[in-house]
There are 2 protein chains.
Amino acid sequence: MAVSDRAQQLLKLLVERYIREGQPIGSRTLARGQGLELSPATIRNVMADLEDMGLIKAPHTSAGRIPTVQGYRLFVDSLLTVKPLEQSEVRVLQDKFSGAVDPQQVLVTASSLLSEITSMAGVIMVPRREQPTVRQVEFISLSGNRVLVVLVLNGHEVQNRMIHTSRRYSPAELTQAANYLNHALSGKDFNKVRDSLLAEMRETQESINQLMLTAIDMANRTFQGAEEGGDYVLAGQTNLMGYAEMADIDRLRQLFEAFNRKRDILHLLDQAAHAQGVQIFIGEESGYEVLDSCSVVTSPYEVEGEVVGVLGVIGPTRMAYDRLIPLVDVTAKLLGAALNQTQ
Amino acid sequence: MAVSDRAQQLLKLLVERYIREGQPIGSRTLARGQGLELSPATIRNVMADLEDMGLIKAPHTSAGRIPTVQGYRLFVDSLLTVKPLEQSEVRVLQDKFSGAVDPQQVLVTASSLLSEITSMAGVIMVPRREQPTVRQVEFISLSGNRVLVVLVLNGHEVQNRMIHTSRRYSPAELTQAANYLNHALSGKDFNKVRDSLLAEMRETQESINQLMLTAIDMANRTFQGAEEGGDYVLAGQTNLMGYAEMADIDRLRQLFEAFNRKRDILHLLDQAAHAQGVQIFIGEESGYEVLDSCSVVTSPYEVEGEVVGVLGVIGPTRMAYDRLIPLVDVTAKLLGAALNQTQ
DNA sequence: CGTTAGCACTCATATAAGAAGAGTGCTAAG
DNA sequence: CTTAGCACTCTTCTTATATGAGTGCTAACG
């Protein structure tokens, strides 16, 4: 069944109004408010049609109507008019980004930025380490029989690990070991390096090989850790407590626990990474029960032309999509730009 | 005005019962429950006395009585009988700790442990970096004109910083610079090292000095960051949503925002660091409005005989102090022990 | 045929009035 | 000093009633 032009127009007005006021909209209200030349009775007829199509529903017999998920969907997909951000607004955002220097900080900034502006929860998925490679290993001798292993991943990320060794190594030894490893690693395959080290050990019994082996194992373990999925930065959860539709403390609790659990949210964000541009999950569409009364607006962000993560906003279904969509869009672009600079 | 023995006994029963049931306790209830040989009327008289002394109060005319903050205080200080944990319980706790390896992970474990067992929020203040000293600096040459600076603080903590340099330095140069700095740093005072570097630069125009200067500045900035106070690990906030006394969503929100703001909580924990052994803040005693309807049970924990942090539990005033006190106590000791091993 | 006015009907919400229960304070007696 | 008895106070629950918003349906109108 097709939705007539007038019905669409009416749906649009209804959704907009409901988003603004948060209360079921009746036929009379709708007739009065905008410059509609229709009587409430007519509007009622149209509303009945919309209800038949599952686009709006009445919470109870004698309340007005509110949009259903499908209603929001139609609204967002074809009825919504987004006005791009003002230049001045964009500049304000840019300013906020200009402060931060290291990548982690940029993410945190962006996340709280989103939550502040929108008064909802801002979430940013941190770049997943793409098939990390160790290009460089360095050993630093510390006091006591301890050696600090510095792993340089992908040429910019750094990880430190401390090793307690059975004997003390001289700086010269360590440098030599590092050189050997760095050379071997350009051949890339860890397990090969590891195997040859093991073989060599059986012949020479060189304890320094043991050290190098340990380093290799560490690197390996780092990768496994990376395998198990990313992480995200969340800000402004408490904002969600402010919304009437979240009044049910038990649902709220479940939602917060989901935030802590991270799994579901990450999964959702991950989906959004494959789409391009702003994507919107309304209510149950997300597929996660805890988000039933929430909508999520996301956009992937790119560094050097490649999608490295997703950012978004989580709020009640009744959110100002027209404002959020450009906002999320712009923030994603700014975040990408900021990350480009700090890398 | 002194509190008679019988009054104390009665207060104890009342508090215990209120903690268990969470509802105002009436004279009749109290008379029936325990093996008291007193009639409700007598108990009423005593209760009236207790109320005059400000130890209990009635929410309204015809409800029972509930303890006031002062009542809890007296209860905790002189009436409470704590039963130490069972050996088996201690062993369970120990097991949980045995898993973790690196210090950060131990803290996280302990925090969620506390929150799980108590069904409240567990909080652990991370060791504040005590007047950090840089014992060692290393430079690692990366691709592009980038140099990784590795600062080893206090002999075990490690920080990395990336520098973009104007020209490429050879590994030999970097090693030399590191050696020079490491030697100079044993003389300890940063600003002196910095000044002599500056002076030397004016004469020699050595650009490598610039690199070393940058490293020194970084170290300095690291210390300033440390100055501004510690951080803490929080787990199980969502547990707090379960308690009836936290039903006021707005108070709850404020509390959660305080958790995010961190300042107040840190301040409170800091106070507890100076006391020794388990300390208890009941309701307003903490001095922070957001914690008005909460109690906080804390204990400092030690590494190598020195207090390095505080851990604790945050929950509703009506909490099972008799269970929490030994629990927090033991956890603090176990945490200290665990940290000793991983250092 | 689309549009509109009129009207009966439904249902949430608010208000008031009682009734029940819990618990107290006070008094007087043991 | 302890206790029984009793009037009194408040909360809470239930029930009844009114109010108002909004609908669906029918019939009339252009």
### Query
Whole Å only: how far is the CG atom of D49(B) from the C1' atom of dT2(D)?
14 Å
### Query
Is a side-chain donor-acceptor pair under 3.5 Å present for R44(B) with S27(B)?
yes
### Query
Should the ring pair H267(A) and Y288(A) be called parallel, tilted or perpendicular, given that the plane angle runs from 0 to 90° and is split at 30 and 60?
perpendicular
### Query
Can you find a side-chain donor-acceptor pair between Q70(B) and T68(B) that sits under 3.5 Å?
yes
### Query
Who are the side chain to side chain donor-acceptor pair (under 3.5 Å) partners of S112(A), not counting sequence neighbours?
none
### Message
For a quick check, with a 4.0 angstrom heavy-atom cut-off, what is the B/S/- contact string for nucleotides 24-30 of chain C, read 5' to 3'?
### Response
BB-----
### Task
Rounded to the nearest angstrom, tell me the gap between atom CD in Q23(A) and atom C1' in dG20(D).
14 Å
### Message
Checking Y321(A) against S295(A): is there a side-chain donor and acceptor pair closer than 3.5 Å?
### Response
yes
### Task
Give a yes/no answer on whether the side chain of T29(B) brings an N or O atom under 4.0 Å of OP1 or OP2 in dG23(C).
yes
### Summary
Closest of dA4(D), dG23(C), dT4(C) to the S39(B) side chain is dA4(D)
### Query
In whole Å, what is the span from the NZ atom of K57(A) to the P atom of dG22(D)?
18 Å
### Summary
DNA chain D nearest-nucleotide lookup for P40(B) and P59(B): closer to the 5′ end is P40(B)
### Query
Hey, does E37(B) reach any base, or is it just sugar-phosphate, or nothing, if we go heavy atoms under 4.0 Å?
sugar-phosphate
#### Entry: CD1-CG distance between I124(A) and L114(A), expressed to the nearest 0.5 angstrom
5.5 Å
## Note on the structure
I43(A) CD1 to dT3(C) P, in whole Å, measures 11 Å
### Task
To the nearest Å, give me how far apart NE2 (H60(A)) and P (dG20(D)) are.
16 Å
